[in-house]
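Data first, discussion second: the structure below is written as structure tokens.
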4 protein chains.
Amino acid sequence: MARAKDEKKRQTILLAAKTLFSRQGFFNTSVTDITRETGLPVGSIYTYFKGKEEIVRAIVDEGWGDLRNRLVTTVSSAETPEEKLKLIIDQFLPEVLNDLDLVNILLSEAITYTKIEEKVEELSGIILALLKAVAKDNKALSGLDKKMMDTALVVYFLGIMASVKVSRASSIGLKVGDILKFIKYTVGSSLGVDLR
Amino acid sequence: MARAKDEKKRQTILLAAKTLFSRQGFFNTSVTDITRETGLPVGSIYTYFKGKEEIVRAIVDEGWGDLRNRLVTTVSSAETPEEKLKLIIDQFLPEVLNDLDLVNILLSEAITYTKIEEKVEELSGIILALLKAVAKDNKALSGLDKKMMDTALVVYFLGIMASVKVSRASSIGLKVGDILKFIKYTVGSSLGVDLR
Amino acid sequence: MARAKDEKKRQTILLAAKTLFSRQGFFNTSVTDITRETGLPVGSIYTYFKGKEEIVRAIVDEGWGDLRNRLVTTVSSAETPEEKLKLIIDQFLPEVLNDLDLVNILLSEAITYTKIEEKVEELSGIILALLKAVAKDNKALSGLDKKMMDTALVVYFLGIMASVKVSRASSIGLKVGDILKFIKYTVGSSLGVDLR
Amino acid sequence: MARAKDEKKRQTILLAAKTLFSRQGFFNTSVTDITRETGLPVGSIYTYFKGKEEIVRAIVDEGWGDLRNRLVTTVSSAETPEEKLKLIIDQFLPEVLNDLDLVNILLSEAITYTKIEEKVEELSGIILALLKAVAKDNKALSGLDKKMMDTALVVYFLGIMASVKVSRASSIGLKVGDILKFIKYTVGSSLGVDLR
DNA sequence: AATGAATGAGTCTTCATTCAT
DNA sequence: TATGAATGAAGACTCATTCAT
């Protein structure tokens, strides 16, 4: 009896907060803002979340969980490592970059609650395993040691995200498409694989 | 004389604020924190700066100005484009990454007041000109169009900075040295130039 | 049957609340605390009580009723006034002081809802009647007028309770036993009766 | 330069808070209440005190300091221990009981911040020393051991205060004068001294 | 110019109570 | 009747900035 917690309401809060945090930043978004955006009374926000921090954490954790799942799905939907990599770049990466709000929040000053380093490490792990498999029969990659591949992944991943974030915030003439094209070219040529 | 004394105070404020903003974030640093760190009265802060925002802006603008100057100096201290590029990677980049506080702030949520996109564009411009010069006689680069080179620069630059920031904040096993090594290798091989 | 179950729940609430109010104070105890302690849903609390205030009131009234009953029982279980007094001190008072939680609450800020003055007056009345009976043939007491005896009772009673409360809350080297011993001695000697 | 902290303002806050805490209790008094009562803006309250707790603590500590000073002054203004005791009862105690607000707060639920046990111990110490001096040549007292005298002091002191508090809050027919009369009589007769 | 007290809008959060289910 | 989500007024406190001295 009594009402059950309403998952839809929880999502409403999460969605509104995500937009606001992304647009105005975590610290410039007040709980009252979320209240206004959702039309919910303050109390309800606290029925679903312990506080503002827990909201960001939920946004990031759940958003990231989604991405991770998509990565895993993507990877397992192809046979060879080469095809897997191709899918990562053609399918997974565009999906990530599509969720601009999430990217924005991941790199925001609320980074403290965000533990982006853990996420990046997790992702790197998955892709790194793939690269090793590719590398076995690949002259181009065999010259790279593990550390350098790891570094490369982190730099590329964060570089892509930061570029998207910055280019979005400004009138810099950089589009998501440009970035994807660059990555495709770079990865392709460094692996000696045609990802075109 | 009065001027000298003033400028010293101004720098004291700037330095303290830089450390604090980097360590605790812009929004988690109060003007009172700056007051404590500098030992100056609140009033003095407002004698030198219109407000908190103006302090970040000054930190970023002046820090960036420094970097720009160094880049220009570096570039002009070598003859051939190849040598210039080498110096950029061997001298300029390490200098940038040495100023971790500045990097931190540049990428922070205060990005709003920071106009990082303008800075990146400016820097890109300088390097891009160089790359074009190198590219003229370089097969590796002639395949890249202007847009892609531009994109590459932005992605690498922001990727490096974000990696340094993230790796600093966490226990991710990534050192500044690793990142520099990676960049050297990547740029070297993509230009067909030995930057060893 | 339904009644029995109900009454049990009611007592559960009362008991938990008593402990909590005593330990943390009335204002620092939330209805949610009671909820947690009892394992009952909030709604149930309000099924049995109109609100938080009514809970303290019930604790105090029922606790006090108990004490009054014991006092009456005690008093009627002896023959002479002297024996009655002896029992009050030897049996009743220790029982009162044993219920530290009640004492705590009686003297707490919840005094507002508690009408402690009425209780004290009631108690005084009973004992005063006794004292008068004793006094008739007692030189020591005949010098005291009614008013002063009344005052004495109130001061001693509240003094004992406050001492117990305070000594419990702190490391003051005062034990319940010390207080009882003192009272015994004082009353005994002022009545010229040996209560040893 | 700049304004100096205004001791008068601090006292205004303290006085208003004292009245309010005494009348409505600590937890039922909001900082806004203090604001209203004093006419000061919220911020100013926090310029002078870290928070609500610090305000009670200041009220209690300073009020108590006053009392202690008066006690010491009183005690040193007489020659013999007997005269000192007389003054304590005739002069000091009435002064204490005159500050009903303080008494109220000392015994309130905010007792946690109030450390009344320390105060009582301090006071006991002073008076106990006196009593010992009196006891040397006093038959009535020589039967009491130190522990019991200590207990007596605590019980009487708290009993007096609690009685005053309770009688004030209610229509109980107990006046401060009655209480003082009782104490005078009791102490007098137990010491075999005429304090009339 | 230097100082730091003064200010009050705004922040996050709590919590007793109600009421839909 | 039992339940616990819903509610929103109220709470304590912060802090960038101003301005009296």
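Naming: A, B, ... by sequence-line order, numbering from 1 per chain. Worth knowing before you read on, the calculation uses all heavy atoms, side chains too, and leaves out hydrogens, waters and symmetry mates.
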May I ask you to say whether Glu62(D) pairs ionically with Arg10(D), meaning some side-chain N is under 4.0 Å from a carboxylate O? yes

Any side-chain N or O of Lys9(B) less than 4.0 Å from the OP1 or OP2 oxygen of dA1(E)? no

Rounded to whole Å, please give me the gap between CD1 in Ile45(A) and P in dA5(F). 15 Å

According to a strict under-4.0 Å criterion, is Thr47(B) in side-chain N/O contact with OP1 or OP2 of dA1(E)? no

Classify the nucleic acid contact of Lys50(D) as base, sugar-phosphate or nothing, counting any heavy atom under 4.0 Å across all strands shown. nothing

Supply the atom-to-atom distance Ile105(A) CD1 to Arg57(A) CZ, rounded to the nearest 0.5 angstrom. 14.0 Å

Polar contact flag, side-chain donor to acceptor under 3.5 angstrom, Asp6(D)-Tyr48(D): no

Heavy-atom nearest nucleotide on DNA chain F taken for Tyr46(B) and for Asp6(A); more 5' hit belongs to Asp6(A)

Let me have DNA chain E in dot-bracket notation, would you? Count Watson-Crick plus G-U wobble pairs, both distances under 3.5 Å, and use [ ] for pairs crossing earlier ones and | for inter-strand partners. .||||||||||||||||||||

Could you state the CG-P distance from Leu40(B) to dT3(E), rounded to the nearest angstrom? 8 Å

Just how far is it from atom CG of Leu14(A) to atom CD1 of Ile34(A), taken to the nearest 0.5 Å? 9.5 Å

In whole angstrom, give the distance that lies between atom CZ of Arg36(B) and atom P of dT3(E). 18 Å

In this structure, how many angstroms lie between the P atom of dT11(E) and the CD1 atom of Ile55(A), rounded? 14 Å

Answer yes or no: is there an ion pair linking Asp61(D) with Lys115(D), defined by an N-O contact shorter than 4.0 Å? no

Figure out the CD/P separation between Gln24(C) and dC15(E), and round it to whole Å. 11 Å

Choosing from dT7(E), dT3(F), dA20(E), which nucleotide comes nearest the side chain of Arg3(A)? dA20(E)

To the nearest angstrom, the CD-C1' distance between Glu54(A) and dC12(E) comes to 14 Å

Please determine if a side-chain N or O atom of Ser44(D) lies less than 4.0 Å away from the OP1 or OP2 oxygen of dT7(E). yes

In sequence, state the C-alpha distance, the side-chain angles, and the governing distance for Arg36(A) and Leu20(A), and then conclude on side-chain contact (heavy atoms from CB on, under 4.5 Å). CA-CA 11 Å; Arg36(A) 247 193 307 270; Leu20(A) 288 168; over 6 Å; no

Name the closest nucleotide to the Pro41(A) side chain, picking from dG8(F), dC13(F), dA2(E). dG8(F)

Using a strict 4.0 Å threshold on nitrogen-to-oxygen distance, state whether Asp99(A) and Lys18(A) make a salt bridge. yes

Euclidean distance, atom CZ of residue Phe27(D) to atom P of dT14(E) [Å, nearest integer]: 16 Å

Residues at least two apart in sequence or cross-chain that pass salt bridge (Lys or Arg N to Asp or Glu O under 4.0 Å) with Asp66(C), listed by chain then number, are Arg70(C)

Over all strands shown, is Tyr48(D) touching base, sugar-phosphate only, or nothing at heavy-atom distances under 4.0 angstrom? sugar-phosphate

Taking N or O atoms only and anything under 3.5 Å, show me the protein contacts with nucleotides 9-11 of chain F, one pair per line.
none

Give, for atom CG of Leu67(B) and atom CG of Leu102(B), the distance between the pair rounded to the nearest 0.5 Å. 6.0 Å

Between P on dT11(E) and CZ on Phe26(A), what's the gap in Å once rounded to a whole number? 13 Å

What's the separation between atom CZ in Phe21(D) and atom CD1 in Ile55(D), rounded to the nearest 0.5 Å? 5.5 Å

